[in-house]
Each structure stands twice: as C-alpha cells, then as structure tokens.
Amino acid sequence: MKILRVLLVLGLAMLSSCSAPPSYATGPKIKVLIVDGYSNHNWQLTTQLLKDMLGPTRMFSVSVSTTPSPKSTEGWDKWRPKFKDYDVVIQTCNDYNNSGPEWPAEVQQDFEDYVSNGGGVYIFHAAENAFADWPAYNDMIGLGWRPVSYGTAIMVGSDEQLLRIPPGQGRATEHGTRGDAVVHELGDHPIHQGMPRAWLTPGLEVYYDTRGPAENVTVLSYARDPRYGENWPIEWTVAYGQGRVYVSLFGHVWADDTDPESMRCVGVQTTIIRALQWLAKRPVTYPIPTDFPTATQKSVKPAKS
C-alpha cells in the first residue's frame with residue numbers, strides 16, 4: 001500500500017511536469033516593468049491582460065509601477081521607478097485629453113538615461129499618444145498622435161516604399177472604425193522571422209498621419225486605413241542612444257472591454273512576446289504557433305469563462 005502511494009505521488013508529479021508549458025527563455029528571466037496609472041484607455045485591464053499573457057511563458061519576471069494620479073495623490077512626490085533595474089519597460093501611461101499628468105522631471109530624466117544607456121522600451125498602444133510636450137519622448141517614439149503642424153508623417157505607398165509627409169501637410173492623427181485588418185510585414189526583422197508576410201487581426205485601430213521627428217525609425221509593418229484606404233505603419237522601432245524602442249498599435253483595450261479579441265489574437269500575443277525578447281537584446285526564440293493567423297483567417301484564443 002505504501003509503495004502504491006509513492007508511485008501515485010510520483011505519477012502525479014510527472015504528469016504535472018509534462019503538462020507545464022515549455023519555457024523558451026535563453027538565460028535568466030527577462031525583467032519587465034509595466035508603468036501604468038492613467039490613460040484614456042482601460043489601463044488596469046491592460047496591465048492584467050499583459051501579466052496573464054506573459055506569465056505562462058515562464059520567460060519573464062513582471063513588476064508594475066503605478067503612477068500616483070493626479071499630482072495631488074499621496075505619493076506623487078516620491079514616485080521614482082527604478083528603470084535601470086529592468087531589461088524592458090512597457091510604457092502604458094497616456095496623458096492625452098487630460099487623462100493624467102506629465103511624469104515628474106526627475107522621472108523623465110531617469111527614463112531618458114535608461115533608454116540612452118541601452119534600455120529597452122515597449123510603447124504600448126495609447127502610450128504613443130502621450131507626452132507631446134516632452135521632446136525626448138517624441139524622439140524616442142519617432143511618430144505619435146499629434147496635430148498636423150507637428151512633425152513628419154510616414155505613409156506606406158502601394159509599392160511599399162515609405163512616403164514622408166512634411167509638417168502642415170496631410171491631416172492631424174486620427175483613426176477610422178476599429179475592426180479586422182490585415183497586417184503586412186516590411187523587411188525581415190527578428191521579431192517577425194517565421195511569421196506569414198500578411199496576417200489578419202481583430203479590433204485594430206489603424207492610425208493615419210502619425211507624426212513626429214520621424215528620425216531613426218524603422219517601419220516593421222503596416223495596414224490599410226478603412227477611412228481613406230491608405231497604408232499606415234502599425235509597428236516601428238526607434239534607435240535612441242544605445243537603447244531600443246518598439247512602438248505598436250496592437251492591444252486596444254477600451255473602457256467597456258472585459259476580455260477583448262484585440263488581446264486574444266494569437267498573432268498579437270506572439271508579436272508582443274517576441275518584441276520583448278528583442279528589446280531585452282536576447283535571441284528571439286519564442287516559436288510561431290501552428291495556429292498563427294493567415295491573411296484571410298483570424299486566430300483568437302477563447303475568452304475567459
């Protein structure tokens with residue numbers, strides 16, 4: 001009886017080990033800091049969905065630094081995230097339309113130093129709208145949600161050549177109806193290696209006329225804007241000092257969302273994980289799933305029950 005009990009325990013342990021998801025990490029876990037606290041999007045749910053997405057990979061150690069907001073909130077004067085302790089920072093704060101305050105000057109300087117000295121930053125969806133009056137932030141993101149008078153816009157021509165639109169020409173940044181869109185990849189970036197050149201994703205907002213300094217920008221993908229039928233960047237990277245910045249329009253999470261398709265898309269989840277590896281300057285090892293979307297077929301994980 002005692003032997004049978006031991007065998008049962010060993011069997012359960014082996015079953016548990018076999019059912020655990022594989023780890024694709026190379027070296028120590030990637031230390032990720034999510035910075036949140038305010039946005040015109042649902043920042044609380046965004047943070048939770050990101051943690052739920054990254055945790056099962058066993059590749060990341062995820063921490064959160066929540067900005068005390070508004071400035072009158074207790075702790076604002078002492079809020080000092082230690083960016084340098086992390087491999088990658090996921091920036092989700094967005095002060096657009098008075099959603100929240102600018103970061104304290106000391107935090108801004110720490111963030112600039114972190115990136116220029118080699119840190120990796122993921123500008124997550126609405127964070128591309130943020131901090132229009134912070135010059136270094138505009139340099140870091142390259143393109144953002146800005147008025148027509150601000151900076152250069154980059155459009156993708158029908159031949160996939162990049163067209164630069166000078167300040168004052170074109171339109172202010174906006175987007176048409178959110179919905180299904182085909183993502184077209186440009187170049188052969190490590191984040192995308194092995195993915196289909198075109199794939200369908202749900203709930204995407206295609207921003208048109210994103211504007212900024214537009215320097216040191218590499219456009220990784222584009223999609224067609226449903227309002228004007230033009231092609232605009234969806235993902236891009238920016239070299240800032242020794243650091244890497246990745247900007248993406250994926251991951252729209254609105255106030256009334258609970259478990260949006262935009263975050264359950266297999267293509268989006270795969271891209272986020274691989275982008276974090278690249279930002280951390282690690283080999284991009286996370287595999288392309290067999291159920292990755294195609295140009296005509298979405299692939300969305302089931303909603304939580």
Side-chain angles (χ1 to χ4, degrees), residues 20-21 23-25 29-70 73-76 79 81-83 85-97 99-101 103 107 111 120-131 178 201-205 234-235 246-277 279-280 286 289 291 293 298-305:
S23 175
Y24 303 100
K29 286 186 176 183
I30 295 170
K31 292 179 287 185
V32 175
L33 177 67
I34 300 174
V35 182
D36 65 14
Y38 54 88
S39 175
N40 60 337
H41 291 59
N42 190 335
W43 60 267
Q44 296 96 331
L45 180 58
T46 296
T47 293
Q48 189 57 55
L49 292 173
L50 283 169
K51 291 171 69 176
D52 292 346
M53 183 190 308
L54 301 180
T57 69
R58 299 190 293 160
M59 296 163 54
F60 304 97
S61 171
V62 181
S63 302
V64 179
S65 180
T66 299
T67 307
S69 178
T73 305
E74 185 178 356
W76 172 260
W79 180 67
K82 296 188 184 326
F83 301 118
D85 291 347
Y86 298 89
D87 300 305
V88 184
V89 173
I90 302 179
Q91 204 300 85
T92 74
C93 290
N94 177 19
D95 64 339
Y96 179 75
N97 214 13
S99 298
W103 290 352
V107 176
F111 190 66
V121 175
Y122 189 130
I123 302 294
F124 194 87
H125 190 68
E128 183 245 33
N129 305 175
F131 306 140
R178 182 168 68 252
T201 189
L204 184 65
E205 290 178 338
I234 296 299
E235 304 167 85
Y246 169 84
V247 187
S248 165
L249 302 187
F250 297 133
H252 177 88
V253 182
W254 203 234
D256 57 355
D257 282 332
T258 55
D259 194 8
E261 280 192 328
S262 61
M263 290 289 278
R264 289 188 283 116
C265 172
V266 172
V268 168
Q269 292 195 359
T270 303
T271 302
I272 289 172
I273 292 167
R274 289 171 67 92
L276 291 172
Q277 285 190 297
L279 286 168
Y286 191 75
D291 59 346
K298 292 185 294 185
S299 180
V300 180
K301 292 185 177 181
K304 295 175 186 174
S305 54

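All of these numbers come straight from a predicted model, not from anything done at the bench.
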For Arg264 and Asp259, which heavy atoms make the closest approach, and how far apart are they? NE-O, 2.9 Å
Can you confirm whether the side chains of [X] and [Y] place a donor and an acceptor under 3.5 Å from each other?
X      : Y      : answer
Glu235 : Tyr246 : yes
Asn94  : Ser99  : no
Trp43  : Thr66  : no

Return yes if some donor-acceptor pair links the side-chain N/O of [X] with the main-chain N/O of [Y] below 3.5 Å, else return no.
X      : Y      : answer
Thr67  : Asp36  : yes
His125 : Leu249 : yes
Gln91  : Val121 : no
Ser61  : Ile30  : no
Asp257 : Pro260 : no

Take the angle between the ring planes of Phe83 and Trp103 and call it parallel below 30°, perpendicular above 60°, tilted in between. parallel
Criterion side chain to side chain contact (heavy atoms under 4.5 Å, CB included) on Leu33 and Ile90, from CA distance to verdict: CA-CA 6 Å; Leu33 177 67; Ile90 302 179; over 6 Å; no
Are the charged groups of Lys301 and Asp291 less than 4.0 angstrom apart, N to O? no
In plain terms, say whether Asp85 and Lys31 are close enough for a salt bridge, that is, a side-chain N and a carboxylate O under 4.0 Å apart. no
Using the side chain to side chain contact (heavy atoms under 4.5 Å, CB included) rule, take Tyr86 and Val32 through it: C-alpha gap first, then chi angles, then the decisive distance, then the call. CA-CA 6 Å; Tyr86 298 89; Val32 175; 5.9 Å; no
Can you find a pair of side-chain heavy atoms, one from Asn97 and one from Asn40, that are under 4.5 Å apart? no
Would Tyr122 and Ser248 count as a side chain to side chain contact (heavy atoms under 4.5 Å, CB included) if you check the C-alpha gap in whole Å, the side-chain angles of each, and the deciding distance to 0.1 Å? CA-CA 8 Å; Tyr122 189 130; Ser248 165; 3.8 Å; yes
